[in-house]
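Before any comments, here is the structure.
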Amino acid sequence: MCYPLRHHLLGSPHDSFMPHSSTGSIPTVARRGLWDKLRDYGTSISQPWIVLGDFNTVMREEERYNMAPIGNYEMKDVIDCRNDLGLSDMNSTGCEFTFNRDNKFSKLDRALINGVWLQEGWYGNAHFRRPGPFSDHTPCIVSILDPPRPKNKPFKFLNMWTAHAEFGNIIADAWSRDIPGTAQFTLCRHLYSLKRPLRYLNAMNFSHISMRVKRAKEELDIAQQKLLDNPHLVHLHAKVTELDTLRSNDLIEAEMSYLRQLAKCEHLKLSDRCTKFFHAMVKSNSKRNFIAATEKRTAHDDPTSIDQVAEEFISHYKGLLGTGGGL
């Protein structure tokens with residue numbers, strides 16, 4: 001069964017979100033009615049939405065252990081429903097398998113979130129605890145977390161730089177410098193010396209790339225209009241050719257390279273930029289490596305705030321200093 005609830009967060013920067021709880025052991029065919037109802041409801045949701053509970057099926061073959069192989073027939077319905085609604089697994093900690101009976105393990109319980117959850121900047125974590133003596137399912141505790149504090153962005157190499165005519169000269173100049181030391185030290189210093197010239201190259205030629213593309217297209221449109229009004233002016237022919245081949249096309253290619261790298265999607269199309277799909281992919285990728293919570297080795301209360309997680313990591317690695325053991 002599926003239970004909808006409206007949940008309001010007091011003192012939160014967000015107003016509310018919609019949780020759904022799914023539970024029950026239902027045959028594959030009978031579950032299709034549940035997925036259809038979930039689709040009907042999910043298409044009307046315009047706010048952050050979380051669906052959690054026992055789905056009574058896995059979504060990947062490796063989510064079962066010590067069990068007979070599962071066919072695509074049993075997984076297809078729930079996977080199609082998830083894809084139709086744009087749901088994805090929330091960051092999770094704790095038990096990898098959430099169901100255990102007769103030494104057979106599988107991941108039946110999960111917490112799924114929609115694209116609006118990502119677009120509005122929500123941060124959360126689903127923690128699957130040990131099942132205890134009364135159930136063969138692991139309990140799931142969902143924590144809504146404060147967003148991480150903004151920090152200085154590290155240097156990031158952008159693939160679009162490689163298409164610039166000066167890129168090769170910048171690399172050759174940095175690598176031609178004589179830096180004494182070990183091979184590893186020399187390599188690190190050469191790479192470090194590239195940061196300033198590459199940042200300058202980006203600022204002069206690629207900063208605000210989408211705005212540059214828009215401006216180049218506008219200049220091309222104006223030049224083409226003048227040429228059509230005055231085809232006898234030779235200099236307009238040369239200007240249109242220059243804008244069309246050098247400015248507009250090169251900038252469009254640079255913009256697409258930047259967007260693909262930003263979204264980490266090689267199959268991104270020009271029509272996908274600035275869409276909900278694009279922004280959802282960017283935010284999903286940015287949160288993929290975000291550590292929302294961790295488990296303490298001794299205490300029962302697991303750290304869930306950003307500061308507590310950081311302190312736990314610092315404490316762990318401080319304990320490793322001076323010891324002969326590995327991680």
Is [X] linked to [Y] within one hydrophobic cluster, defined over Ile, Leu, Val, Met, Phe, Trp and Tyr using a side-chain heavy-atom separation of less than 4.5 Å?
X      : Y      : answer
Leu187 : Leu198 : yes
Phe185 : Tyr192 : no
Tyr41  : Val116 : no
Ile141 : Leu145 : no
Phe167 : Trp175 : yes

Which pair of non-hydrogen atoms, one from [X] and one from [Y], has the smallest distance, and what is that distance?
X      : Y      : result
Ile170 : Pro197 : CG2-CB, 3.8 Å
Ile45  : Asn114 : CG2-ND2, 4.0 Å
His137 : Asp109 : ND1-OD1, 2.8 Å
Lys156 : Trp161 : O-CH2, 3.4 Å
Asn169 : Ala165 : ND2-O, 4.3 Å
Met160 : Ala254 : SD-O, 3.5 Å

To the nearest 0.5 Å, how far apart are [atom1] in [X] and [atom2] in [Y]?
X      : Y      : atom1 : atom2 : answer
Ser106 : Met67  : OG    : CE    : 5.0 Å
Phe128 : Thr138 : CZ    : OG1   : 6.0 Å
Lys76  : Met59  : NZ    : CE    : 14.0 Å
Ser193 : Ile171 : OG    : CD1   : 8.5 Å
Leu38  : Leu85  : CG    : CG    : 5.5 Å
Arg212 : Ser207 : CZ    : OG    : 4.0 Å

With a 3.5 Å distance limit and no angle check, can you tell me whether [X] reaches the backbone of [Y] through a side-chain donor-acceptor pair?
X      : Y      : value
Thr186 : Ile179 : yes
Thr98  : Leu108 : yes
Thr43  : Arg39  : yes
Asp102 : Lys104 : no

Angle between ring planes, Phe97 versus Phe105, binned at 30° and 60°: parallel, tilted or perpendicular?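 Ring orientation of Phe97 relative to Phe105: tilted.
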Tell me whether the rings of His164 and Phe206 are parallel (<30°), tilted (30 to 60°) or perpendicular (>60°).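 The rings of His164 and Phe206 stand perpendicular, inter-plane angle above 60°.
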Do other residues, nucleotides or ligands put more than 12 heavy atoms under 6.0 Å from [X] [atom1]?
X      : atom1 : value
Tyr65  : OH    : no
Arg189 : CZ    : no
Arg130 : CZ    : no
Gln184 : CD    : no
Asn83  : CG    : yes
Arg199 : CZ    : yes

Dump the intermediate steps for salt bridge (charged side-chain N to carboxylate O under 4.0 Å, His left out) on Asp229 and Lys226, then the final yes or no. CA-CA 5 Å; Asp229 293 339; Lys226 290 181 178 180; over 6 Å; no
Any Arg129 side-chain heavy atom under 4.5 Å of Cys95 side chain: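 Of all side-chain heavy-atom pairs linking Cys95 with Arg129, none is under 4.5 Å.
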Inspect the contact between [Y] and [X] and indicate whether a charged nitrogen and a carboxylate oxygen are less than 4.0 angstrom apart.
X      : Y      : value
Arg215 : Glu218 : no
Arg110 : Glu63  : yes
Asp40  : Lys37  : no

When you compare the side chains of Asn125 and Thr93, does any donor N or O come within less than 3.5 Å of an acceptor on the partner?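 Result is yes, a qualifying pair exists.
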Classify the side-chain pair Asp221/Gln225 by whether it contains a donor and acceptor separated by less than 3.5 Å.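 The answer is no; no qualifying pair exists.
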Partners of Asp77 by salt bridge (charged side-chain N to carboxylate O under 4.0 Å, His left out), sequence neighbours excluded?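 Arg32.
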Which one of Phe55, Trp117, Trp49 satisfies the side-chain contact (heavy atoms from CB on, under 4.5 Å) criterion with Leu112?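 The option that passes is Phe55.
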Is NZ or CZ of Lys318 both nearer than 6.0 Å to the six-membered ring centre of Phe313 and within 45° of the ring axis?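 So Lys318 doesn't make the cation-pi contact.
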Test log, rule side-chain contact (heavy atoms from CB on, under 4.5 Å), inputs Val78 and Arg31: CA-CA 9 Å; Val78 65; Arg31 283 198 299 265; over 6 Å; no
One pair to check against side-chain contact (heavy atoms from CB on, under 4.5 Å): Asn66 and Asn103. What are the steps and the verdict? CA-CA 7 Å; Asn66 199 30; Asn103 207 30; 3.9 Å; yes
